[in-house]
Q: 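Below is the structure I would like to discuss, written out as structure tokens.
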Amino acid sequence: MTVCEYKPGLEGIPAAQSSISYVDGQKGILEYRGIRIEELAQKSTFLETAYLLIWGELPTKEELQAFEEEVRLHRRIKYRIRDMMKCFPESGHPMDALQASAAALGLFYSRRDLTNPVYIRDAVVRLIATIPTMVAAFQLMRKGNDPVKPRDDLDYSANFLYMLNEKEPDALAAKIFDVCLILHVEHTMNASTFSARVTASTLTDPYAVVASAVGTLGGPLHGGANEEVIQMLEEIGSVENVRPYVEDRLLRKEKLMGFGHRVYKVKDPRAIILQELAEQLFAKFGADKYYDIAQEMERVVEEKLGHKGIYPNVDFYSGLVYRKMGIPTDLFTPIFAIARVAGWLAHWKEQLEENRIFRPTQVYNGRHSIAYTPIEQR
């Protein structure tokens, strides 16, 4: 067997064939099932986009209505899961709470009938429906409050914001949040999606697949960058401090959070849309001084690093959008997961279609033929 060249992190090595999403990092193109992200953000909804990703085609009006109704009817979580969540430490990170809660679903729905389309659809609906409920529930529980029950008269995004804030959201805020979910729902073979496909390849249940992906997304090198962007903007403090801050970080060879991407060598198309969404929110609800800092930072970084293909990524402006909605910083990544669960499920379903368990090789760099040393001689 020929040993291929070792690539740390499997960079550039295809791990699957997929028709779910496509990225051209040189041109700034992102497509879901062949449809540009800009068009979906303008014309679609999150649940319609989720349906597109998972079943491969845009739904008819009747199919979308049926899917929306199924999701609406499965938003509630079992009281035993709520009781379990009440035992989580208040200081715990919401991503850890979400991973544990998603895994717990498998205790109630663990029957693995992976060749049955009804089982697959039920699992898709249940996970898409309950993940937002669990995120909102933990947020209220860690403040000592009971979770808010879902409202069947509200659509997907408006219902989440209602459960989170205990009040019906502004229509513009709910629409913008829905677009944010569309922007985060899928992005080819990233770390959490790869984790989902590896777990799926063992033919375990989809709840374990999602829990595995949530755990991967929780790492600071994957999710959480938008949290750090807000912290960075707060540290900079003013527009005047941007240039010296950037120059100092570059001098010390330290990362600038929210800039650069393993794939994109131009401005992330999702960042362009998120910046527009932020401006819509500011126009209606008032300006955010950190947006001025962010704009100046984008100008300075482009001046310094644009020739290296380093521009804002999806995390740079998303935190400012969520911040304006009053969402706590440590919920930014769980919200990422609310969206991405549909992408993970699309890959789970695709993996099942032509499954082969992942078993990559390794490049061994250890010693050979070492004699065992008895413990009294060590």
Side-chain angles (χ1 to χ4, degrees), residues 28 30 37-38 40-47 49 94-95 131-132 135-136 139 155-165 167-187 217 222-236 256-259 261 264 267-298 301 311-343:
L30 172 59
I37 188 65
E38 293 86 354
L40 289 167
Q42 182 180 7
K43 300 176 181 178
S44 188
T45 65
F46 171 69
L47 286 182
T49 300
M95 281 298 284
I131 291 293
V135 171
Q139 168 62 14
D155 65 22
Y156 190 82
S157 292
N159 176 67
F160 171 73
L161 294 175
Y162 165 73
M163 292 189 297
L164 187 67
N165 298 316
K167 63 179 181 180
E168 189 170 338
D170 177 84
L172 175 64
K175 172 58 179 174
I176 286 176
F177 186 80
D178 201 69
V179 176
C180 289
L181 296 184
I182 293 173
L183 299 177
H184 286 88
V185 67
E186 162 64 7
H187 204 256
L217 181 63
H222 188 13
N226 50 9
E227 297 180 34
E228 297 185 63
V229 168
I230 295 299
Q231 294 166 6
M232 176 183 68
L233 296 176
E234 290 174 344
E235 181 182 348
I236 293 171
L256 295 166
M257 300 311 300
F259 287 92
H261 196 278
Y264 293 113
K267 188 172 180 177
D268 189 328
R270 299 168 297 175
I272 295 172
I273 298 170
L274 281 162
Q275 187 173 5
E276 295 170 355
L277 296 178
E279 291 177 351
Q280 290 180 39
L281 282 174
F282 301 149
K284 182 167 186 179
F285 300 109
D288 185 332
K289 74 171 186 176
Y290 294 111
Y291 180 60
D292 295 333
I293 297 173
Q295 286 184 299
E296 177 64 14
M297 192 167 187
E298 180 177 353
V301 172
Y311 293 90
N313 58 41
V314 68
D315 294 308
F316 190 62
Y317 287 108
S318 62
L320 289 169
V321 173
Y322 298 147
R323 170 190 169 91
K324 196 62 183 177
M325 292 181 181
I327 296 172
T329 304
D330 64 358
L331 285 189
F332 292 175
T333 308
I335 287 170
F336 191 145
I338 289 173
R340 189 56 61 87
V341 68

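All values reported here derive from a predicted model rather than from experimental measurement. In this chain, numbering begins with 1 at the start of the sequence shown.
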Q: Quick check against the 3.5 Å criterion: does T333 have a side-chain atom that pairs as donor or acceptor with the backbone of G224?
A: yes
Q: In the structure I gave you, are the side-chain heavy atoms of L181 and I335 within less than 4.5 Å of one another anywhere?
A: yes
Q: Below 4.5 Å, heavy atoms only, C-beta onward: do I182 and I273 meet side chain to side chain?
A: no
Q: Which heavy atom in L320 sits nearest to a heavy atom in A294, and how many Å separate them?
A: CD1-CB, 3.9 Å
Q: Could you give the distance from CZ (R323) to CG (L233), rounded to the nearest 0.5 Å?
A: 8.5 Å
Q: For Y317 and D268, run side-chain contact (heavy atoms from CB on, under 4.5 Å): C-alpha distance rounded to whole Å, both residues' side-chain angles, the deciding distance at 0.1 Å, then the answer.
A: CA-CA 11 Å; Y317 287 108; D268 189 328; over 6 Å; no
Q: For a quick test of reading the model, state the closest non-hydrogen atom pair linking K284 to D170 and the distance between them.
A: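 Heavy atoms only, the tightest pair is NZ-OD1, 2.9 Å.
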Q: Output the distance between atom CD (E279) and atom CG (L274), rounded to the nearest 0.5 Å.
A: 11.5 Å
Q: Specify the closest pair of heavy atoms between R270 and Y264, including all atoms of both residues, with the distance to one decimal.
A: NH2-CE1, 3.8 Å
Q: Students often mix this up, so state it plainly: with edges at 30° and 60°, are the rings of F160 and F177 parallel, tilted or perpendicular?
A: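 Ring orientation of F160 relative to F177: parallel.
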Q: Going by heavy atoms in the side chains, are P94 and Q139 under 4.5 Å from each other?
A: no
Q: What heavy-atom pair brings A225 and M257 nearest, and what distance separates the two atoms?
A: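 Reported closest heavy-atom pair: CB-CE, 4.0 Å.
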Q: side-chain contact (heavy atoms from CB on, under 4.5 Å), that's the test. Do H187 and V314 meet it? Break it down for me.
A: CA-CA 11 Å; H187 204 256; V314 68; over 6 Å; no
Q: Determine yes or no for a side-chain-to-main-chain donor-acceptor pair under 3.5 angstrom, with D288 supplying the side chain and Y290 the backbone.
A: yes
Q: Describe, in one word, how the ring planes of F259 and F316 are oriented to each other, choosing from parallel (under 30°), tilted (30 to 60°) and perpendicular (over 60°).
A: tilted
Q: Has D178 got a side-chain atom pairing as donor or acceptor with T45's backbone, closer than 3.5 angstrom?
A: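 No; zero donor-acceptor contacts below 3.5 Å.
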Q: How long is the gap from NZ on K289 to CD on E234, to the nearest 0.5 Å?
A: 9.0 Å
Q: Between S318 and F336, does the side-chain contact (heavy atoms from CB on, under 4.5 Å) criterion hold? Intermediate values first, please.
A: CA-CA 10 Å; S318 62; F336 191 145; over 6 Å; no
Q: Calculate, to the nearest 0.5 Å, the distance between atoms CG and CD belonging to D315 and E228 respectively.
A: 9.5 Å
Q: Kindly compute the distance separating CE (M297) from CD1 (I236), expressed to the nearest 0.5 Å.
A: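 Taking CE in M297 and CD1 in I236, the distance rounds to 4.0 Å.
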Q: For G286, is there any backbone N or O sitting under 3.5 Å from a side-chain donor or acceptor partner on K324?
A: yes
Q: Looking at side-chain heavy atoms only, is the closest gap between P334 and L331 below 4.5 Å?
A: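 Counting from C-beta outward, P334 and L331 do come under 4.5 Å.
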Q: Return the set of residues passing side chain to side chain donor-acceptor pair (under 3.5 Å) with N313 (not counting sequence neighbours), or none when no residue passes.
A: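 Once residues adjacent in sequence are excluded, N313 has no partner under the side chain to side chain donor-acceptor pair (under 3.5 Å) criterion.
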Q: In this structure, which one of I176, V321, V179 forms a side-chain contact (heavy atoms from CB on, under 4.5 Å) with Q280?
A: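 Result: among I176, V321, V179, I176 is the only option passing the side-chain contact (heavy atoms from CB on, under 4.5 Å) with Q280.
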Q: Quick check: closest heavy atoms across A174 and P169, and the distance to 0.1 Å?
A: CB-CG, 4.2 Å
Q: Return the CG to NZ distance between D155 and K175, rounded to the nearest 0.5 Å.
A: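 So the CG of D155 and the NZ of K175 are separated by 9.5 Å.
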Q: Does the side chain of Q275 come under 3.5 Å of the side chain of Y291 through a donor N or O and an acceptor N or O?
A: yes
Q: Can you name the closest pair of heavy atoms from N226 and G319 and give their distance?
A: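 Closest pair (atom of N226, atom of G319, distance): CB-N, 4.0 Å.
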